[in-house]
Amino acid sequence: MKDKKDIYGLMAEFDNPQAIVDATRATYKAGYRKVDAYSPFPIEELSEALEFHPKVQYIVLCGGIIGGLLGYGLQYWTSAVDYAINIGGRPLNSWVSFIPITFELTVLIGAFSGAIGMLILNGLPQPYHPVFNVPRFSTASSDRFFLCIEAIDPKFDRRATAEFLKSLGALEVTEVEP
Amino acid sequence: MSEFASGYLVAFFFWFSISFGCLGILMIQHLTGGHWGFGIRRPLEAAAKTLPLMLVLFIPIILLSHDIYPWSHEAEAAQLGNKAKYYLNIPFFVGRAVAYFIIWSGLAFILSKFSLEQDKTNSVDSAIDVAQKCRNVSGPGLLISALTITFASVDWLMSLDPHWFSTIYGILTIGGCLLNSFAFMIIVLSQVGNREAMKGYIGSKHFHDLGKLLLACVMLWGYFNLSQLLIIWSGNLPEETIWFIRRRGGGWEYVGPALILLHFAVPFFLLLNRSLKKKPHIIAMVAGFLMVMRLVDLFWLVQPEFHGGVISPTAVVVTIVSAGIIGAIWLGLFFKLLSSNPLLPLHDPYIQKEAIVHGGH
């Protein structure tokens, strides 16, 4: 019999969104933590059931603040310090006219931080992932929902975990090759 | 007397902006659909139906017009020439106000009548027919309302200085009306959301959606105000800049920055928080705070044109007291109208199913 390290994990298949949300909640409640769920479309409750707390918004916030400061700083330095020029009697630090560029750079750097931060956090692009070793997994892009408990989870036990997943109403439980 | 008249104008416009804003949101909701409007449909209708009351409460403004509007004096009218002869004169001013209120009240009552008709429908098909009738009224209604409120904001607020003009003023007023109305609706829903009739239908999802719309209105307010300032700042023309110059002394120099901070920055960062928007009582507190800021913003729009450009404590007291008195009458009528009909439009063919699925969470 193969050792527990010989497989990546166990994958359960479901055919409707409510079933996978319920199964994920039960899995989390049972103490499994190295769990991931796959769905053809976003399900808000699923992220909640996985207790998945995204962190990308903090990266966006930092990027936005940096962008805003850069945008204002650039204009302040060029118009009030490096090449101070009186335009129509307005103050050199003409803050009202600086706002559009400050806003644009806030959005620009914030959006870039969001896109790049998202790629770093989710580990994409990833050329190989064991879940694709399950032939039926391709249906996760059309009409099936999958829940995978990874073998590195401390609670993982080949037989017990498989039984557990079956008890959640999985249509099929498959071992995932590493 | 100008303290009383100008304070009353601020208080009047504050409550009027909820009546009118709710009519606007109601029409937008009929056109766009979406379950965010499911729980507030009846409160919106009740608030819009207070518009005839606002016409009655407009009478003091007509009676006090000599204390409010400089163009109502002959000397000023002579200086304004044709502007006063053909537009800014009391008979036409009153006629226009009556016409606005007839149009708005008509829209409010027609939409409310259709909505109640829908409650009595027995089949999905007939309910869809009624929904189509609501859309047919709301499309043109929204257009007419946007145009009439633009004229109304020029008549009632912008003409306080008949020489000054800002082309964004109408849309600025619309933004204020929407913000005030969304804030008010969040508070109403947080109060009636626990009632038996609402159980299982209203959940944190609805507050989350309304909170997002409130955030959008806060940003809209900031955006419109910045646009006005930016254009006047860039143009640098004396006849336009006078409006801001008047607000740079007499105590107003503290009100402007306070508005940027408390009407925009603080609520903006608060409303970014997702979990805050999902908690009915907390989002209601933010909404209540924004309603207070709406009153301050209206005070800032109106009052610097009076009392020699200095903040008048008497006018502050008059504004608060009259906002309280009008508010008591307004809310009395609002809750009477709200309780006279079922709290939820349960026969709505589009949002019923969705609301039942997503409610409760």
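In what follows, every chain begins at residue 1, and chains take the letters A, B, ... in the order their sequences are listed. Only heavy atoms go into these numbers, but all of them, side chains included; no hydrogens, no water, no symmetry mates.
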Self-check item: Donor on one side chain, acceptor on other, Glu150(A) and Tyr8(A), under 3.5 Å
Solution: yes

Exercise. For residues Met158(B) and Trp243(B), determine if any side-chain heavy atom of one lies less than 4.5 Å from a side-chain heavy atom of the other.
Key: no

Quiz item: Centre of Phe207(B)'s six-membered ring, under 6.0 Å away, within 45 degrees of the axis: is that where NZ or CZ of Lys278(B) sits?
Solution: no

Quiz item: Taking it one step at a time, do Met11(A) and Phe137(A) satisfy side chain to side chain contact (heavy atoms under 4.5 Å, CB included)?
Solution: CA-CA 9 Å; Met11(A) 186 179 271; Phe137(A) 188 69; 3.6 Å; yes

Practice problem: Below 4.5 Å from any heavy atom of chain B, which atoms of Glu44(A) appear? Answer side chain, backbone, both or neither. | Solution: side chain

Practice problem: Might you work through the salt bridge (Lys or Arg N to Asp or Glu O under 4.0 Å) test for Glu51(A) and Arg33(A), ending with a clear yes or no? | Solution: CA-CA 9 Å; Glu51(A) 297 290 327; Arg33(A) 289 296 176 270; over 6 Å; no

Quiz item: Taking atom CE of Met219(B) and atom CZ of Phe264(B), what is their separation to the nearest 0.5 Å?
Solution: 7.5 Å

Quiz item: What part of Leu272(B) lies closer than 4.5 angstrom to a heavy atom of chain A: side chain, backbone, both or neither?
Solution: neither

Self-check item: NZ or CZ of Arg247(B) within 45° of Trp300(B) ring axis and under 6.0 Å
Solution: yes

Exercise. Determine which residues belonging to residues 82-109 of chain A lie within contact range of chain B, meaning some heavy atom pair is under 4.5 Å apart, and list them by number or answer 'none'.
Key: Gly88(A), Arg90(A), Pro91(A), Ser94(A), Trp95(A), Val96(A), Ser97(A), Ile99(A), Pro100(A)

